[in-house]
There are 2 protein chains.
Amino acid sequence: MRLLKTSEYAIRVLSHMARNEAERYSVSSLHRALGIPYKYLGRLMRKLTKAGLVDAARGKTGGYVITRPPGSIHLIEIVEAVEGLEDFDHCILGFEACSSDQPCPLHDQWGVQRDSIRRMLEEASLEDLALKFEEESEASD
Amino acid sequence: MRLLKTSEYAIRVLSHMARNEAERYSVSSLHRALGIPYKYLGRLMRKLTKAGLVDAARGKTGGYVITRPPGSIHLIEIVEAVEGLEDFDHCILGFEACSSDQPCPLHDQWGVQRDSIRRMLEEASLEDLALKFEEESEASD
DNA sequence: TGGATATTCTACCTCCAGGTGGGAAATGAG
DNA sequence: CTCATTTCCCACCTGGAGGTAGAATATCCA
């Protein structure tokens, strides 16, 4: 009952980048700021680039930038890009045929839970997260 | 956002066994009834034996039997025996320090979801599942 | 007593997430 | 031009989930 670690990483990276929308972040600066393993982070950023969430520039002044306004990027999109959403349609008891026609004993209950989680990820934007993080760092001053 | 396949297997096996509380089920009969890979199922049954959920008997009339009344065994116990409950205390954004004192942006929302799922698994017993399965097989007659 | 049927054990295998290492290729600064 | 900094691409390693193979051990029954 959790996201893949890579999805967690992706959300943390992007909400960090959302605090300065226009700034170019290098892998090494993100690594220093967030403590995510350097090499692994590089591969993750490439993945986010291919997914169109960030833009990459090589060379000395290169780095990554968010492609769209943070308010328009919701967590569900990040999760989808990194690990896909297949598991959100998965029966909690693993029955292939489970559906509203042929429901497993927990079908309805689990459906409510799953939709609720999905809605949470659909409604939370990077801007929301970035703002909350701002508040926290101000509070700790 | 799903249980391990092994937890799904375990729930299916045990709710099947719950339909005839006193019967001894061999691995091969469970394999035939449920389609779970034979050898893998053997290892799972050994695990459930060590967890105390079933009792094993060797030899010609041997097999497995549920140790306690199905109404007293809840899904959360099965999940705990197979995959543990660590992930149920895990921050949705993966922050180590995330707590009510130092909440991540989604801490409260995710807490509600997580507790709700946990409660579903705590309240559903093997007896409940077995009864529902009975209803289904009657309906398909 | 011996065979048939059952659990049990050890050892492997494949696949994927997570993580590491070495070097390419691109690009701006000096 | 040269060099440092960056992204990019390659191969590899580890651990765990899921799955398979073969034999050892225990028990009933004829």
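Naming: A, B, ... by sequence-line order, numbering from 1 per chain.
- As a whole-Å value, the separation of B/His31 NE2 from D/dT20 P is 9 Å.
- Residue A/Tyr64 has a polar side-chain atom (N or O) positioned under 4.0 Å from OP1 or OP2 of D/dC8.
- Going from atom CD of A/Glu8 over to atom P of C/dA17 covers 14 Å, rounded to whole Å.
- Looking at A/Arg119 and A/Glu123, no side-chain N of the basic residue comes within less than 4.0 Å of a carboxylate O on the acidic one, giving no salt bridge.
- Heavy-atom minimum distance, B/Leu126 versus B/Ile11: CD2-O, 4.4 Å.
- Taking atom CG of residue A/Leu41 and atom P of nucleotide C/dA17, one finds them 18 Å apart after rounding to whole Å.
- For A/Tyr40 and D/dC12, the shortest distance from a side-chain N or O to OP1 or OP2 is not below 4.0 Å.
- Nearer to the 5' terminus of DNA chain C, by closest-nucleotide assignment, is the contact made by B/Ser28 (compared with the other of B/Ser28 and B/Arg43).
- Taking only distance into account, the side chain of A/Arg58 never meets the base of C/dG28 through a donor-acceptor pair shorter than 3.5 Å.
- Nucleotides of DNA chain C nearest to A/Gly59 and A/Pro37 differ in position, and the one nearer the 5' end is that of A/Pro37.
- Taking atom CZ of residue B/Arg12 and atom C1' of nucleotide D/dG18, one finds them 14 Å apart after rounding to whole Å.
- Under the 4.5 Å side-chain heavy-atom criterion for grouping Ile, Leu, Val, Met, Phe, Trp and Tyr, B/Ile36 is connected to B/Phe133 within one hydrophobic cluster.
- Contact between the side-chain N/O atoms of B/Lys60 and the OP1/OP2 oxygens of C/dT7 is not found at any separation under 4.0 Å.
- When the P atom of D/dT25 is taken as reference, atom CZ of B/Arg46 falls 15 Å away, rounded to whole Å.
- Atoms OH (A/Tyr38) and C1' (D/dC9) sit 14 Å apart, rounded to a whole Å.
- Atom CD1 of A/Ile36 is separated from atom C1' of C/dG19 by 13 Å (rounded to the nearest Å).
- Closest non-hydrogen pair, A/Met1 versus B/Trp110, comes out as O-CZ2, 3.8 Å.
- OP1 or OP2 of D/dG18 sits under 4.0 Å from a side-chain N or O of B/Thr6.
- Looking at heavy-atom distances under 4.0 Å, B/Gly63 makes contact with sugar-phosphate atoms alone, never a base.
- Within 4.0 Å (heavy atoms only), B/Lys39 reaches at least one base atom of the nucleic acid.
- Note that CZ of B/Arg12 is 13.0 Å distant from CD1 of B/Ile78, once rounded to the nearest 0.5 Å.
- Regarding contacts with the backbone of C/dG19, a side-chain N or O of A/Lys5 is found under 4.0 angstrom from either OP1 or OP2.
- For the pair A/Leu44 CG and D/dT7 P, the interatomic distance rounds to 12 Å; values are reported in whole Å.
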